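Given the structure is predicted, the values throughout are model-derived calculations rather than measurements. Every number for a ligand or one of its atoms is a count from 1 in the order of the listing.
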Amino acid sequence: MRVVYPSVFTGFSCLAGDCPLTCCIGWSVDIDAESLERYQSLAGAAGEMVRSHLVKDEGAYSFTVTPEGHCWFLDGDGLCRMQKEFGMDALCDTCRFFPRISWNAGSYVQFSMDLACPEVCRMAFTRPLSFREDEQEGETPLHREGRRELSAVLNRRGRLIAALERPLTVRRIVTDGREDARIASIVADCTKASRVGFLTPARVRQLQQESASYWLRHETQLEPWFSTLGSLLLFRYGCMAWYGMPWGRIVRFVRRAMRMTYLLLLHQQRDAEDLEVDAMVAASVLFARRIEHVEKNLQLLIAR
Ligand code: SF4
């Protein structure tokens with residue numbers, strides 16, 4: 001079995017109570033079927049307590065979200081009550097694996113990292129990015145046609161990621177304002193909850209004027225950050241080609257995501273003296289949480 005992952009996967013360690021955001025602020029946690037079965041058969045007062053915080057919506061289960069917008073199990077010290085009381089194994093898949101995302105096709109397995117986690121972003125933007133590969137036990141062979149298709153997807157993705165090693169390519173993508181009308185309309189259409197403290201269409205148009213000059217002033221820092229951002233997104237979303245999504249749409253999504261993250265950075269940072277990596281982390285996390293992880297917004301970004 002071939003296992004591929006970005007360098008940020010190795011050595012990642014959750015900040016737990018020291019995390020400035022935590023995974024469960026602003027989101028409801030979807031519960032997988034196996035964990036739900038475990039919670040439903042948990043005996044005694046503990047079982048009743050856990051079940052009293054299950055919410056069913058259109059057949060899917062999640063945990064109660066408090067009026068402050070976080071999971072009911074998030075304790076005042078920033079740690080998870082469920083984990084503290086019942087251990088790591090009690091967590092549902094979403095909580096246990098976040099921010100790691102696995103995908104496999106036959107004997108190929110990849111782990112990508114979710115940029116909604118500030119620690120993932122901090123590691124990604126402060127270390128050189130590479131993609132690593134291990135051979136592990138276990139085979140689920142694809143038929144010959146499947147192997148051929150998978151290899152075409154991985155090769156194409158590899159070439160696109162390699163193109164992002166060229167500074168000129170990164171600069172062209174990030175400072176290209178031709179999609180800004182589209183980005184402004186995405187911003188206008190974003191779900192109401194996503195818009196709080198976010199860009200407005202008017203602000204997108206205003207930032208367009210400053211976009212190229214700001215890049216030139218800070219290119220030494222910005223270029224590797226955006227090369228990494230684009231590469232991580234291509235690595236994660238490139239596998240959509242395996243399900244038949246045209247490469248044109250995948251590439252357009254990654255370009256828009258890079259441009260939108262840049263505009264967010266500019267929006268928050270243009271008046272600051274220095275550009276610190278924290279600003280890139282904040283813009284990337286904001287993009288991931290407000291756009292990428294809201295299905296309606298993601299669809300707007302992927303659409304023509
Ligand atoms: S967002 Fe990342 S660092 Fe923060 S609690 Fe979640 S996994 Fe840990």
Side-chain angles (χ1 to χ4, degrees), residues 3 5-32 35 39 50 53 55 61-103 109-127 129 132 193-194 196-198 225 228-229 231-233 235-237 257 260-261 264-265 268 276-295 297-298:
V3 184
Y5 48 90
S7 40
V8 65
F9 178 78
T10 324
F12 170 79
S13 174
C14 170
L15 299 177
D18 292 330
C19 177
L21 285 175
T22 90
C23 334
C24 42
I25 286 185
W27 284 339
S28 68
V29 175
D30 293 335
I31 303 168
D32 58 290
S35 306
Y39 301 144
V50 171
H53 293 289
V55 179
Y61 281 85
S62 58
F63 291 123
T64 315
V65 174
T66 66
E68 294 75 38
H70 58 74
C71 174
W72 184 87
F73 287 95
L74 179 67
D75 219 341
D77 55 6
L79 299 176
C80 171
R81 284 189 197 122
M82 169 103 66
Q83 186 174 352
K84 281 201 273 188
E85 283 187 36
F86 307 116
M88 187 75 177
D89 288 346
L91 300 182
C92 63
D93 284 358
T94 310
C95 299
R96 194 154 12 141
F97 297 119
F98 184 87
R100 304 163 189 87
I101 303 150
S102 66
W103 178 76
V109 181
Q110 71 170 46
F111 290 97
S112 31
M113 297 299 275
D114 199 318
L115 296 166
C117 166
E119 179 60 5
V120 166
C121 290
R122 193 197 59 76
M123 285 175 68
F125 301 134
T126 52
R127 301 170 186 200
L129 177 70
R132 298 175 184 170
S194 320
V196 186
F198 199 63
W225 293 343
T228 293
L229 175 71
S231 302
L232 289 173
L233 289 171
F235 182 74
R236 176 169 173 191
Y237 287 95
M260 217 162 162
T261 306
L264 279 169
L265 177 78
Q268 297 178 337
E276 306 288 346
V277 72
D278 290 352
M280 183 64 190
V281 170
S284 306
V285 169
L286 197 59
F287 174 81
R289 290 188 175 229
R290 298 279 172 83
I291 301 290
E292 191 188 348
H293 285 287
V294 180
E295 187 55 30
N297 297 346
L298 180 65

> What are the protein N, O or S atoms, given as residue plus atom name, that sit under 2.8 Å from atom 4 (Fe) of ligand 1?
Replying inline: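 You should have found Cys19 SG.
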What's the shortest heavy-atom distance between Leu91 and Arg96, and which atoms?
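Answer, listing the atom of Leu91 first, then Arg96: O-NH2, 3.3 Å.
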For this session: Go through the structure and list residues passing ring-ring contact (aromatic ring centres under 6.0 Å, His included) with Phe287, not counting sequence neighbours.
Result: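 ring-ring contact (aromatic ring centres under 6.0 Å, His included) list for Phe287, sorted by chain: empty.
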For this session: Before accepting this row, confirm whether a basic side-chain N of the pair Asp77/Lys84 lies closer than 4.0 Å to the acidic partner's carboxylate O.
Result: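 Yes.
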Margin query: For Phe63 and Tyr39, I'd like to know if the aromatic rings sit close, meaning centre-to-centre distance below 6.0 Å.
Written below: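 Yes, the ring of Phe63 comes within the 6.0 Å limit of the ring of Tyr39, centre to centre.
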**Request:** Over 60° means perpendicular and under 30° means parallel, so classify the ring planes of Phe111 and Phe9, tilted if in between.
**Result:**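 Geometry flag for Phe111 against Phe9: parallel rings.
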Notebook entry, point to check: Once the angle between the rings of Trp72 and His53 is folded into 0 to 90°, is it parallel (under 30°), tilted (30 to 60°) or perpendicular (over 60°)?
Noted result: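 Parallel.
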